[in-house]
S.K.: 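This structure is in structure tokens; I'll ask about it shortly.
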2 protein chains.
Amino acid sequence: MSVQERKERERAVRERLIVATARELAEQQGWDAVTTRRLAERIEYSQPVLYSHFRGKREIIGAVALEGAAELAAVVRAAASAADGPRERVAALARAYLDFAERNPAVYDAMFQLEGGLAFAAEDTPEPLKDAFAALLESLGEVAGDGVHPGLFTELFWAALHGVATLTRAGRLPPEYLEPRLELLVDRLAIT
Amino acid sequence: MSVQERKERERAVRERLIVATARELAEQQGWDAVTTRRLAERIEYSQPVLYSHFRGKREIIGAVALEGAAELAAVVRAAASAADGPRERVAALARAYLDFAERNPAVYDAMFQLEGGLAFAAEDTPEPLKDAFAALLESLGEVAGDGVHPGLFTELFWAALHGVATLTRAGRLPPEYLEPRLELLVDRLAIT
DNA sequence: TTGATTGTCTAGCGATGCTAGGATCGAGTC
DNA sequence: GACTCGATCCTAGCATCGCTAGACAATCAA
């Protein structure tokens, strides 16, 4: 069975290569530039190989999104654990979130803008997505305020962050006032 | 000069027909279904006619977005003027905004999700977009709180609404708690 | 060595946004 | 009223897209 195991290992390596290449290409030239042909050429295989790993382009985007969700969760947790006190923890979390969105625009798009074929807030929601939300909940739950459901509060805070992130990156909000915007958001929403 | 004027009038009518048809098709079957061929067929002209009015598909989306911005501004103003007191005005505004996004998903996408080739928060921002923001500012400015720049506050509130609207419609937020989410948003952000 | 299975590639389908070039029509002139 | 000429529109086609069928090659068991 060793030879079969080797093949499976090689397949897994190639699958990671596909996802990493798609992500790299998307960050470099945008998701429009990520065509199956270009992607196949970069990994030095033919197009049909992609379809032996994923159902289609959407699933590749979804794979990048899952990878991003795991990273976002880690980034958020790291920022929160490095800050002292609830208020500073939330501010650090917000900064880390917006920073992640700014530094990884293509990944962020894969997660929230493009249809990656992922289910949210449902039974079959993939683990990384649930965990990313959990990471937010850990720090945000403690500043929800009395009588306010922590999950509901986290959803709202997250939505606000998401709105700021997307509108800023789409050129809809002037980027220079990002910091005061963030301070205002934390001061108003979080109850410490 | 009468014949030339008539031609210009007919051209204007046809241009409105294109935009209206694109919008209708997008609301019915989504923007993916709005292809230049289908659009041309619906208006009973050939494809190249579209390109005599717009540079490309993006500009058509942009035209729909401008139309939507004007409607959104009107909807927001109507809701605000029908409510008594700052707090209720803001709540009515938020409800109207989210309601608009839910009832006109394709138009909302054209405005904020798809690249319609429109400039925001800049010198050459089209008038309807500026006016939509102004409509928000009129009601939101009065609840910004002391020492907080009204424009900055409006941007933040808008971003929060936008986040709730997009995440809800994308299935990222459970829709059943929309009302309490809205109440929480208004209670926390607005200072009355 | 042979036969079968697994893996990969070439070639192609239908559809996309967009455009070049020819056909057609109608306004203005004799 | 016939004719010219410019504006207007359509047919046909290009390059590219996501995706797939079928031929081919490599690898394994017998």
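Everything numeric here is computed off the predicted structure, so don't read it as measured data. Letters A, B, ... are given to chains in the order of the sequence lines, protein chains preceding strands, and every chain is numbered from 1. Atom set for the values below is all heavy atoms of this structure, side chains included, hydrogens, waters and symmetry mates excluded.
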S.K.: Please report, rounded to the nearest Å, how far the P atom of dT19(C) is from the CZ atom of F54(B).
M.R.: 15 Å
S.K.: Return yes if some donor-acceptor pair links the side-chain N/O of W158(B) with the main-chain N/O of L136(B) below 3.5 Å, else return no.
M.R.: no
S.K.: Check the distance between dT16(C)'s C1' and Q29(B)'s CD and give it to me in whole angstrom.
M.R.: 16 Å
S.K.: Can you tell me the distance, in whole Å, between the CZ atom of R37(B) and the C1' atom of dT11(D)?
M.R.: 12 Å
S.K.: By the 4.0 Å heavy-atom rule, please label R38(B) as base, sugar-phosphate, or nothing.
M.R.: sugar-phosphate
S.K.: If you look at every strand shown and take non-hydrogen atoms under 4.0 Å, does R11(A) touch a base, only sugar-phosphate, or nothing?
M.R.: nothing
S.K.: Decide whether a cation-pi geometry holds between R169(B) and Y108(B); the criteria are a distance under 6.0 Å from NZ or CZ to the six-membered ring centre and an angle within 45° of the ring axis.
M.R.: no
S.K.: Search all heavy atoms of E88(A) against all heavy atoms of A83(A) and return the closest pair with its distance.
M.R.: O-CB, 3.7 Å
S.K.: Tell me whether the OP1 or OP2 atom of dG18(D) has a side-chain N or O from T36(A) closer than 4.0 Å.
M.R.: yes
S.K.: Starting at OH of Y45(B) and ending at P of dT24(C), how long is that distance when rounded to a whole Å?
M.R.: 18 Å
S.K.: Could you work out which one of dT8(C), dT20(D), dC10(D) sits closest to the side chain of P48(A)?
M.R.: dT20(D)
S.K.: Once you round it to whole Å, what is the distance between C1' of dC14(D) and OH of Y51(B)?
M.R.: 13 Å
S.K.: Expressed as a whole number of angstroms, how long is the span from H53(A):NE2 to dT8(C):P?
M.R.: 7 Å
S.K.: Please report the distance, rounded to the nearest Å, between CG in D32(A) and P in dT16(C).
M.R.: 17 Å
S.K.: Should D131(A) and R77(A) count as an ion pair when the cut-off is N to O under 4.0 Å?
M.R.: yes
S.K.: Tell me if the CD atom of E183(A) is crowded by more than 12 foreign heavy atoms within 6.0 Å.
M.R.: yes
S.K.: Pick base, sugar-phosphate or nothing for R14(A), based on heavy-atom distances below 4.0 Å to the nucleic acid.
M.R.: sugar-phosphate
S.K.: Identify whether any heavy atom of T35(B) sits under 4.0 Å from a base atom; if not, whether one sits that close to sugar-phosphate; answer base, sugar-phosphate or nothing.
M.R.: sugar-phosphate
S.K.: Spell out yes or no: do the side chain of Q47(A) and the base of dC9(C) have one donor N/O and one acceptor N/O closer than 3.5 Å?
M.R.: no
S.K.: Rounded to whole Å, please give me the gap between NZ in K57(A) and P in dG18(D).
M.R.: 5 Å
